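Inspection log for the structure reproduced underneath, given as structure tokens.
Every value quoted in this text rests on a predicted model; they were computed, and no experiment measured them.
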Amino acid sequence: MMMSRLLAAILAALLIAPAAAATDAELAKLARASGTPDIPGLKIVWLAPWGDVRSAHSWRNIIVHQTEGPAGSARGGAAEQSKNPTRRGVTVWVETDGTVYWAVAENLVPTHGDGANRNDNKYIDNRPTYRQVVRDNSIGVEFAGNYPDVAAGPTEAQVAAWKILVQVLRARYDIPLDRVYAHNWIDYKDARYCEGCWLAMLARTWGE
């Protein structure tokens, strides 16, 4: 089950149809828009529309999370986050079918991460992250659905959405590629699996 799901996701990452995605210039323009723009290749449910990007919080990093909720849980998690934006959770949620829920106004800071407490250099060099890549400067993206097998990995649809979404987030907030982090890279997490690691690695592999 785990291997077939990961294989499908890998194929999706390699075979996304070019016609479904915007050009780099078009995507960069859309990423700086206000309101609820239609972004080719993404289905976004806007619980909190974008404002003027110049008024957004100063996001300098992206942290990729995964939740143990079952398929369908992103919608509920995003709805609860929207009602109480600073609760434990994130700004952006991604469902197993690839639907993206923008849950929180981009000038508000949800509670996520554990204070960047990893300093063992297990996955990356933690010198620039230890106690530095925290909720106040990092926008969080939560991928739902790794239940009951936490090691199952993201779905094909989630990977396809992430390939576009990470470009949008980076372009909107001018975040360098090397500041896309897995939750497990910067915090000590569940030993059963590496939370967000494969998704963050994919983002860095896709490059600019």
Point to revise | Minimum-distance pair of heavy atoms, taken over all atoms of Pro110 and Gln81 | key: CB-NE2, 3.8 Å
**Study point:** Closest contact, heavy atoms only, Arg192 versus Glu68
**Key:** NH2-OE2, 2.8 Å
Point to revise | Contact summary for Tyr193 and Asn184, nearest pair of heavy atoms | key: O-OD1, 3.7 Å
Review point. Do the side chains of Gln158 and Thr155 get nearer than 4.5 Å, heavy atoms only?
Key: yes
Exercise for review: Find the distance between CZ (Arg135) and CD1 (Ile63) and round it off to the nearest 0.5 Å.
Suggested key: 11.5 Å
Exercise for review: Considering only NZ, NE, NH1 and NH2 on the basic side and carboxylate oxygens on the acidic side, decide whether Arg127 and Asp125 come within less than 4.0 Å.
Suggested key: yes
Review point. Is the backbone of Gln66 close enough, under 3.5 Å, to the side chain of Glu142 for a donor and an acceptor to pair up by distance?
Key: yes
Point to revise | Trace of the side chain to side chain contact (heavy atoms under 4.5 Å, CB included) decision for Thr129 with Ile124 | key: CA-CA 9 Å; Thr129 70; Ile124 59 172; 4.0 Å; yes
Practice item. Answer whether the closest heavy-atom distance between the side chains of Leu199 and Pro154 falls below 4.5 Å. Key: yes
Exercise for review: I would like to know whether Asp52 and Arg54 meet salt bridge (Lys or Arg N to Asp or Glu O under 4.0 Å); could you show each step before the answer?
Suggested key: CA-CA 5 Å; Asp52 186 332; Arg54 293 169 296 183; 2.8 Å; yes
Exercise for review: Step by step, work out the side chain to side chain contact (heavy atoms under 4.5 Å, CB included) result for Asp190 and Glu195.
Suggested key: CA-CA 8 Å; Asp190 193 327; Glu195 183 189 337; over 6 Å; no
Check your understanding: Taking 4.0 angstrom as the limit, do Lys83 and Glu80 come out as a salt bridge?
Key -> yes
Check your understanding: Hey, mind stepping through Ile164 and Ile39 against side chain to side chain contact (heavy atoms under 4.5 Å, CB included) and telling me if it holds?
Key -> CA-CA 9 Å; Ile164 301 170; Ile39 299 173; 4.2 Å; yes
Review point. Hey, quick one: are Trp185 and Val134 part of the same hydrophobic cluster, counting side-chain heavy atoms closer than 4.5 Å, chains of contacts allowed?
Key: no
Practice item. Quick one: do Trp198 and Val159 satisfy side chain to side chain contact (heavy atoms under 4.5 Å, CB included)? Show the steps, please. Key: CA-CA 10 Å; Trp198 195 60; Val159 170; 3.8 Å; yes
Check your understanding: Can you tell me how far OG of Ser58 sits from CG of Asp136, rounded to the nearest 0.5 angstrom?
Key -> 11.0 Å
Review point. Any sub-3.5 Å donor-acceptor pair from Arg60's side-chain atoms to Asn137's backbone N or O?
Key: no
Review point. Do any pairs count as a ring-ring contact (aromatic ring centres under 6.0 Å, His included) and have a residue in residues 63-98, sequence neighbours left out, and if so which ones?
Key: His65-His112, His65-His183
Exercise for review: Can you establish whether the number of heavy atoms outside Asp174 located under 6.0 Å from its atom CG is more than 12?
Suggested key: no
Point to revise | Over-ring placement of Arg204 relative to Tyr181, 6.0 Å and 45° cut-offs | key: yes
Check your understanding: Side-chain donor-acceptor pair under 3.5 Å between Asn126 and Asn119, yes or no?
Key -> no
Review point. Ion pair present between Lys189 and Asp187, side-chain N to carboxylate O less than 4.0 angstrom?
Key: no
Check your understanding: Closest heavy-atom contact between Lys163 and Trp206?
Key -> CA-CZ3, 3.3 Å
Exercise for review: Keeping the roles fixed (side chain from Asn117, backbone from Tyr188), state whether a donor-acceptor pair exists under 3.5 Å.
Suggested key: yes
Review point. So does Arg88 pair up with Asp114, basic N to acidic O under 4.0 Å?
Key: yes
Practice item. Say whether, by atom type as modelled, one donor and one acceptor occur between the side chain of Thr111 and the main chain of Thr86 under 3.5 angstrom. Key: yes
Point to revise | Any pair counted as side-chain hydrogen bond (donor to acceptor under 3.5 Å, both in side chains), so long as it reaches residues 37-48, sequence neighbours left out | key: none
Exercise for review: Taking the side chain as every heavy atom from C-beta outward, state whether Trp102 and Pro49 have any atom pair closer than 4.5 Å.
Suggested key: no
Practice item. Could you point out which residue of Leu177, Leu165, Ile139 forms a side-chain contact (heavy atoms from CB on, under 4.5 Å) with Ile62? Key: Ile139
Review point. Among side-chain atoms of Tyr173 and Glu106, is any donor-acceptor pair under 3.5 angstrom?
Key: yes
Review point. Is there a chain of hydrophobic side chains (I, L, V, M, F, W, Y, each step under 4.5 Å between heavy atoms) that links Val92 to Trp59?
Key: yes
Review point. Shortest non-hydrogen contact from Ala105 to Ala48?
Key: N-CB, 3.4 Å
Review point. Quick one: does Thr99's side chain have a donor or acceptor within less than 3.5 Å of a partner on Glu95's backbone?
Key: no
Review point. Is the charged tip of Arg172 near the ring of Trp50: under 6.0 Å from the six-membered ring centre and within 45° of its axis?
Key: yes
Study note, to complete from the structure: All heavy atoms of Ala103 vs all of Ala78, minimum pair found to be CB-O, 3.5 Å
